[in-house]
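A short write-up of the structure that comes next.
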Amino acid sequence: MLRYTLRRLLGAIPTLLLVIVLAFLLVHAAPGGPFDDERALPADIEANIAAAYHLDEPLPMQFLRYLGGVLRGDFGPSYSYRDYTVSELIGRSFPVSVQLGMLAMLLATVVGVSLGIVAALNKNSALDKVVMGFAMTGISIPVFVIAPVLVLFFAVKLHWLPASWTGSEGGSRFLLPVLSLALPQIAYVARLTRASLIDVLSSDFIRTARAQGLGTAAIVRYHALKPAMLPVLSYMGPAVAAVLTGSVVVEEIFGIPGLGQLFVRASLNRDYTLVLGVVIFYAALIVLLNLIVDLLYGAIDPRIRRQ
Amino acid sequence: MSAVARIWARMRTSKTVVASGGILFAIALVSIIGPWISPNEYLTTNFDNILRAPTASAGHVFGTDDLGRDLFVRTMMGVQVTFVVAIVASVVSLLIGVLYGATAGFIGGRVDAVMMRLVDTLYATPFIFFVILLLVVFERNLLLMFVAIGAINWLDMARIVRGQTLSLREREFVQAAQLIGVSTPRIIFRHIAPNLVGIVIVYVTLTIPQAILIESFLSFLGLGVQEPQTSLGKLVNDGTKQMEGASWMLLIPGVLLAAILLCFNFVGDGMRDLFDSRRSQ
Amino acid sequence: MSLLDVNGLGVRYADKDVVSGLSFGVGSGESVGLVGESGSGKTQTALAIMGLLPGKAAISGSIDFAGTEIVGASERQLNTLRAERIGMVFQDPMQALNPYVPIGKQLRRVLLRHGISDGREVDQRVMHMLDRVGLPDPARQFRAYAHQLSGGMRQRVMIASALLAQPDLLIADEPTTALDVTVQAQILELLERIREETALLLITHDLGIIAGHCERLVVIEAGRLVEEGPTRKLFSEPRASHTRKLIDAAPRLDGDSPPAPESAELVLEADNVSVSYAERNERLQLHAVMDLDLQLQAGETVAVVGESGSGKSSFVRAVLGLVPMRAGRVTFCGQEVAGPLQARSIETRRDLQLVFQDPAGSLNPQLRIERIIAEPLTVHAPELDAKARSERVADALQRVGLDEDLLGRFPHQLSGGQAQRVAIARALIVNPRVLVCDEAVAALDGSVRQQVLNLLHREQQATGLAIVFISHDLAVVRSISHRVMVLYLGRLVELADGAGIFRHPRHPYTRALLDAVPVPDPLAPGGRLSISGEVPSIIDPPSGCAFHPRCRYAEQRCRVELPLVRPVGEARVACHRAEELEL
């Protein structure tokens, strides 16, 4: 198990390196420098700025310098927020995004798995059809549609919940953003759980368990749930990525000062260092979470654990 | 050809697939003909007529936006963009994905290991952020966005096709053909390709909604389609800003986008049920 | 008063009857065999008795178990019957055991469900049962997962799970079909041992198994009862023609082997062939085949026999060029041929043909039968016009005894026997010199199997075709083999002519294989157990003679020194003690 963990950990390094190289090259392939937008500066000042940002060095040197910084958690200065470093900006906005994301994932897993189990055990019944119809709708409504629609009904029309983050306090302001982020994932997880559980329930070993006189509840609990959860577990990596992506628009819509909003603002402002830093940060986060999912998978599936 | 004909015959047996496909076809048709017969132009602003609720009598069935532009024509234009995205994404994922996957699967061994290692690496990267980066760095243009969307979508296809090819290659009828002395190109076109058609069609339909989602997402963020052009994602964004006074600006494109995605999802799902051998038997 | 009374049972799916009007009984403590070919409805009957048929099956008639009606019983009622009154063992233990749960936990659950709640008592009874079914070191196996056990051990665990709650009736559905012959003999012996505590309903297609282990026989065909009665009586004077057909079709060990072919023209020769596979990133080399030779004459059939892991398939595939050889030489008609298939001349590829085990898998599902059979002609006789080609196809079809109206069909529209004939027709259409049959009849029913064997024999008589016939079952190759090679863990253990090897085997493993074959004769049933254990993994083969851990004659020398293949009498044998042993 320890060797497996180490091997997976080593395997993640090329992925991260590739991400950094690609992102770095992309930014440096940009037509024109980062300060082109501003009025023409005297040549000596321009040279000073270039030297300050090490833009006068050859590209490989710049990359190594940048990589060295990234390894120490230093993504360089932000071009648009002149008084802050990229790391500071990320550090400031990340905590609220984490709260949102974790709540959404928790909701998605608990509700999604429960709905999926109910639907699978009542396969082809009216209940199943209702749940699956809901799930199909859920995966078809984009986050950026569901979020404003929820605001429209619950905040603008009914006034039950606050429409924006900054104008309110406490837990209630979490409700709509988390719900918007979680709904599509609830739908995915429910569909996945249902399909997977139906698949497992049709295996021969379930027939054996029935031949042993076990009832449905015992069969699901002792025989079917673990294998049925494996596909759901491997979906957790992509789910996290989807929630992160979703949080970009949700934070924008609700005005939440999180990483997503920072990223959108940076993109629209063409703040290259900030965009680069956030992309690398997101990549590292996703690679890390995928790694955790992989390790959990190995811990649950005995056939993988053996190797 | 017989394989395609049989797939078509099989598709028609599923009510969901036929109904969803029919709705998509109808939406596409209206989006092409609608703007053509409508008296309004997508660019014409009319400041005497801003934020007008949908009414048939005034000639604006979907109402007008904050610049007084006719929303029906603009929405239909967005729908057209959506369908173009669907077509481009499926062509790219078909070309790159199928070719890449089939090559890796058929050659196998080390080549396969290296090729799939690359796919795995790309899988683990937050691709959408790369696309955003790409669009930030280069000028926002439609072509670039389409290429980027296609580039994301080929991964799934490559994986599926590779797996299928790998298992087909090990199947005994392929070994039998090799033993007989059938040439490699002939084995690929006669024995492997026809057995891939079903699963390729299924996964093309399954990747289309993802591509549509990405385009509308980027346009919503203001990184995709630019003014005065529009797309459903952008219309939703406009609607979000006006929702307190003009909820139709949000609801009409939003519902339409969801409906298109729903239909594509139903088609893809139905096709998988029809062609995924593991599920069908 | 019967324990189980099946009366007018019918099982129907949509508009297809799979079982109709079936009546039979099983008495207390009795052992009854339910026999039929594939698709005869035997498994459906067993599932109906357990109340395990899927919801879409329509069931009619009555199944009375000790006064309880099973047809139409609620799931709650059924759950008190299952395991406690009726236990069931399924065909493939790999599929039938949960791969995600340690086997001890799966067995515990049975007892916890059936009224024993004291954890310590549960553990003890599970351990005791594992010991009873012959699982070595039960305390350790308790925590093992199914994939960590061998096939035979898995089936023992399966039997243990069915017996745990002490049922009155044990239903065993093809319990040995997925196992090697020597392991089958062990499992049958185990079933015999537990007979004292439970009645047995043994479901099988193999009359050999029934003959030795059942008191009474129920023969069914297409879901209907054909005949029933005491086993001896049914074997000696079967009333129904179907019963006679089943008995005749069962492979036997007695009878003659074909006389040696007249010509002595050597067509195919392989010397010192070795095959290795790389495992786990090439850090581990698995030696599947080591130093095997083959000489094949025109008109001759050589059988290659061995259990799983014997390397028989790898060997012939290497000779054919389908898998790479690590070492060795292949000569065809005096000319050395290259190792890999792609490097061989088109004539060599025409002259060496293969028929696979799974007929359905070896036919492209997208092509019509006509194109499948004609495909070799597009490579080897491209000059033929459409008319000449269809004549050749018609001729090939007739040679394998198939009707021309199959030509327009797709493979999935054929039965197993038909599909295998199509595969043979495809191989024969180019008139090869050598035909390799890799377990080509293993998936077929007895009567169909015999027809295919006859067809191959006829073809050989007519054209001088040389055949290499791979099989795990000595009895199957008995009637067609001129010579037999027996392999164990990738090495030759014995090579002899057909007559010799069946009458006077010289290697203990050959003897064990012969003993293990269940013979369809209630008076001399065979299926005896003369070796224990199972074929070890080739990842870690035993030292010295690879067979020594299972050999009752093994001495110190056998454990350290690899026996070389040497002539002993008429045969070639790899055993240190071949001369002195009386087998």
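First the proteins, then the strands, lettered A, B, ... as listed; each starts at 1. Being a predicted model, the structure only gives us computed values, none of them experimental.
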Would you find a donor on one side and an acceptor on the other, under 3.5 Å apart, between the side chain of [X] and the backbone of [Y]?
| X | Y | value |
| --- | --- | --- |
| S196(A) | A228(A) | yes |
| N122(A) | V118(A) | yes |
| D173(C) | T43(C) | no |

Is there a donor in the side chain of N79(C) and an acceptor in the side chain of R76(C), or the other way round, less than 3.5 Å apart?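 No, R76(C) and N79(C) have no side-chain donor paired with an acceptor closer than 3.5 Å.
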
Do the side-chain N and O atoms of T177(C) and Q91(C) include a donor-acceptor pair separated by under 3.5 angstrom?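 No - no donor-acceptor pair under 3.5 Å links their side chains.
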
At a heavy-atom separation under 4.5 Å, does L164(C) approach chain A through its side chain, its backbone, both, or neither?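 Contact with chain A is absent: no heavy atom of L164(C) under 4.5 Å.
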
R85(C)/D168(C) salt bridge by N-O under 4.0 Å criterion: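 Result for this pair is yes, salt bridge flagged.
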
Taking the basic N atoms (NZ, or NE/NH1/NH2) and the acidic carboxylate oxygens, is any pair closer than 4.0 Å for D128(A) and R194(A)?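 Yes, D128(A) and R194(A) are salt-bridged.
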
Answer with side chain, backbone, both or neither: which region of A211(A) has an atom nearer than 4.5 Å to a non-hydrogen atom of chain C? both

Measure L230(A) against the heavy atoms of chain C and call it side chain, backbone, both or neither at under 4.5 Å.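 Only the side chain of L230(A) comes within 4.5 Å of chain C.
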
Quick one: pull up NE2 in H205(C) and OG in S38(C) and give me the separation to the nearest 0.5 Å.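 Result: 8.5 Å between the selected atoms.
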
K42(C) side, atom NZ; L202(C) side, atom CG - distance, nearest 0.5 Å: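 It is 11.0 Å, given to the nearest 0.5 Å.
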
Residues 112-131 of chain C vs chain A, non-hydrogen distance cutoff under 4.5 Å, contacting residues -> R113(C), H114(C)

Tabulate, in ascending numerical order, the residues of residues 94-109 of chain C having at least one heavy atom closer than 4.5 Å to a heavy atom of chain A, or enter 'none'. Q95(C), A96(C), L97(C), N98(C), P99(C), Y100(C), V101(C), Q106(C), R109(C)

Would F281(A) and F75(A) satisfy ring-ring contact (aromatic ring centres under 6.0 Å, His included), going step by step from the backbone distance to the final call? CA-CA 10 Å; F281(A) 184 75; F75(A) 294 94; 7.1 Å; no

Assign the ring pair F205(A) / H223(A) to parallel, tilted or perpendicular, where the plane angle (0 to 90°) is split at 30° and 60°. tilted

